[in-house]
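Below is one structure, written out as structure tokens; comments come after it.
Throughout, protein chains are lettered first and strands after them, A, B, ... in sequence-line order, and every chain is numbered starting at 1.
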2 protein chains.
Amino acid sequence: MFKKATKSRVFQDVVDQVQQAILDGQLKAGDRLPAEREMVEMFQTSRGTLREALRVLEHKGLIEIRLGVAGGAMVKAIDTEQVSESLALLMRTQAIPLDDLAEFREGVEGNVSALAARRATPEDGEDLRRLMDEARHFYEQGVEAWQSFVQVDRRIHMTLARISRNAIYAFVLKSVHDNIPPYYERYLQSSTTVLEENYRDLCDLTAAVQAGDAAAARRAAQAHVRRFHRYMLAVEHRLTEKSPPPSR
Amino acid sequence: MFKKATKSRVFQDVVDQVQQAILDGQLKAGDRLPAEREMVEMFQTSRGTLREALRVLEHKGLIEIRLGVAGGAMVKAIDTEQVSESLALLMRTQAIPLDDLAEFREGVEGNVSALAARRATPEDGEDLRRLMDEARHFYEQGVEAWQSFVQVDRRIHMTLARISRNAIYAFVLKSVHDNIPPYYERYLQSSTTVLEENYRDLCDLTAAVQAGDAAAARRAAQAHVRRFHRYMLAVEHRLTEKSPPPSR
DNA sequence: TGATTATAATGGTTAAACCATTTTGTCCAG
DNA sequence: CTGGACAAAATGGTTTAACCATTATAATCA
């Protein structure tokens, strides 16, 4: 199946050959690659070099490696994991301005909520109802349960992305939300007012989606994100004791 | 909720430590990591294991490795390369439906164009004018210059993302557009009609942005993407000789 | 029969050596 | 003094051989 590896970096050649075999369909998800010591002979290379190649393939999300007898490298069905991870790295290192993040969320979550409203099935509505039950439960417990409330909030956003039935929106939003916690930690100091406002936003949003009202869902999502942003700006203002930056 | 507590793999620990140092700012872009044989002592591991870690870090886009004396591992400024690569893998394995791509573009490019219309400066308008001059030049050359026209089209989209002054929209759109070419190759068979429609779309779009008309810019961008999508569906229909899938 | 233990196959790690590439400095011819 | 050839050194890339850790399966025993 594999031929001798020749290139300036041998491991790269191995990576390319295996990836090509997967993309060509010669290797399908669930298939098991030969054991390392066998592949070493097929590629005519050393085990160290082969393992560097396997490491790259693993990180690409193309294979999964398990220990023990009957273990080894299995071809994996590609998912959005790697895109999410690299997107997350980009966002964390690019020092994205808070304004940009809020603006992006406002636009994208607006789009997603509108799509979700158009496509929500009765089952989706049921999922949202259950989540809102949880949210109300924590809301009624007051600021003590703030963290739990935020987690439910996050799950509601992810659920809306799923309901939108669009894989790209789903993993883009997942990447964004995976990187919001640092912002939360820095800015969010909860109060009963904030908790109540957030809860009402979620009520409006899920109600609009369940009613299939795309325009209202978009407006509710945007209002929710915008409120969140204004609140963070206010906290920043209090923290720095300077005049707030002019809104653009 | 919890991840595995024990780190059975040494190289993963090395990856995590280096990545954390970069994210924490202890290592900045351009900094050079110690030589392999030095790091081996710092991490108290073997060279093979260390190199597996370096391979992963390299593939993550966090470091760049050069040969020879004065070579070694340099910390890299993260770009959209890795996102693009993993996105390309997803698309090549058709894990992402064409409909999702078109829908995402329609929503996001609509948002971006609306923002661009609100924020375009006279200099930005000048940039767009120059690009449209190029586009007209290739348009007048007819279908022969189709590829050149497509390239200008792409630059116009990227310029709009820049004008939107939002870093997230910019790199998300760049990642998407970096992965559109394969779709073009598969589906696009140009004709004078398609060329003209595309040119007119761009005229409408840039005119709206230059005029500062956000709503018109959004509509123009969405119409442009939607037309593109419909055209690809039509080609697919001709190719498969089956009835087109029901629009959702 | 069921629990325990041994076995073997697999990935994970270590160590030491050598090869290939590239920069840098040195030396010699002109 | 200059310029080019060449040697030296530092670095990543590769090989080899052995051992350790994990785990499914087979063998064993109460």
Side-chain angles (χ1 to χ4, degrees), chain A residues 1-19 21-22 27 29-76, chain B residues 2-19 21-22 27 29-76 81:
Chain A
M1 185 191 308
F2 297 123
K3 63 176 183 181
K4 183 177 192 295
T6 60
K7 253 184 191 174
S8 61
R9 301 223 287 190
V10 179
F11 76 86
Q12 187 62 56
D13 193 85
V14 175
V15 168
D16 292 344
Q17 282 195 54
V18 175
Q19 171 164 337
I22 294 175
L27 289 173
D31 285 356
R32 187 172 152 193
L33 293 182
E36 292 184 357
R37 290 162 179 86
E38 290 176 49
M39 281 195 278
V40 155
E41 299 206 347
M42 297 164 71
F43 287 112
Q44 299 196 33
T45 181
S46 72
R47 218 179 138 205
T49 300
L50 177 78
R51 281 176 58 82
E52 288 186 32
L54 291 179
R55 209 86 296 143
V56 171
L57 287 165
E58 180 182 51
H59 188 261
K60 279 193 174 192
L62 288 170
I63 63 173
E64 193 177 4
I65 300 177
R66 282 202 293 259
L67 247 64
V69 59
M74 311 271 293
V75 177
K76 218 176 86 175
Chain B
F2 299 113
K3 58 181 180 181
K4 197 176 177 187
T6 64
K7 261 178 195 145
S8 60
R9 297 164 117 190
V10 178
F11 76 86
Q12 187 61 55
D13 193 81
V14 175
V15 168
D16 291 344
Q17 282 194 54
V18 175
Q19 171 165 336
I22 292 175
L27 288 173
D31 286 356
R32 188 172 151 191
L33 295 179
E36 291 183 358
R37 290 162 179 86
E38 290 178 49
M39 281 196 278
V40 156
E41 300 207 345
M42 296 165 67
F43 287 110
Q44 296 266 308
T45 181
S46 72
R47 218 179 138 205
T49 300
L50 177 77
R51 282 176 58 82
E52 287 186 33
L54 291 180
R55 208 88 294 145
V56 172
L57 288 165
E58 180 183 51
H59 187 260
K60 279 192 173 193
L62 288 170
I63 64 174
E64 194 178 2
I65 301 178
R66 281 202 292 260
L67 249 65
V69 60
M74 311 271 292
V75 178
K76 219 177 83 176
E81 172 76 25

Selection: residues 46-55 of chain A, any non-hydrogen atom under 4.0 Å of DNA chain D: A/Ser46, A/Arg47, A/Thr49
Close side-chain approach of B/Met39 and B/Leu54, heavy atoms under 4.5 Å: yes
When B/Leu57, B/Leu62, B/Val10 are each screened for side-chain contact (heavy atoms from CB on, under 4.5 Å) with B/Val15, the one that passes is B/Leu57
Taking heavy atoms of chain B and a 4.0 Å limit, find me the 5'-most and 3'-most nucleotide of DNA chain C within that range. C/dG12 to C/dT23
By side chain to side chain contact (heavy atoms under 4.5 Å, CB included), which residues pair with B/Lys76, not counting sequence neighbours? B/Glu64
Nearest-Å distance, CD (A/Gln12) to C1' (D/dG13)? 13 Å
B/Ala35 meets the side chain to side chain contact (heavy atoms under 4.5 Å, CB included) criterion, sequence neighbours left out, with B/Glu38
Should B/Leu33 and B/Leu27 count as side-chain neighbours, where that means a heavy-atom distance under 4.5 Å? yes
Those residues at least two apart in sequence (or on a different chain) that pass side chain to side chain donor-acceptor pair (under 3.5 Å) with B/Glu58 are A/Arg9, B/Arg55
Non-neighbouring partners of B/Thr49 that pass side chain to side chain donor-acceptor pair (under 3.5 Å), sequence neighbours left out: B/Ser46
Starting at atom CZ of A/Arg37, determine the distance to atom P of D/dC19, rounded to an integer number of angstrom. 13 Å
Interatomic distance, A/Gln44 CD vs D/dT14 C1' [rounded to whole Å]: 14 Å
For the atom pair CZ (A/Phe43) and CG (A/Asp13), what is the distance rounded to the nearest 0.5 Å? 8.0 Å
Among all residues two or more places apart in sequence or in another chain, which pass the salt bridge (charged side-chain N to carboxylate O under 4.0 Å, His left out) test with A/Arg47? A/Glu36
What parts of residues 56-69 of chain A reach DNA chain D, counting only heavy atoms under 4.0 Å away? A/Leu67, A/Gly68, A/Val69
Figure out the CZ/P separation between B/Arg9 and D/dT22, and round it to whole Å. 13 Å
Rounded to the nearest 0.5 Å, how far apart are CG of B/Asp31 and CE of B/Met74? 8.0 Å
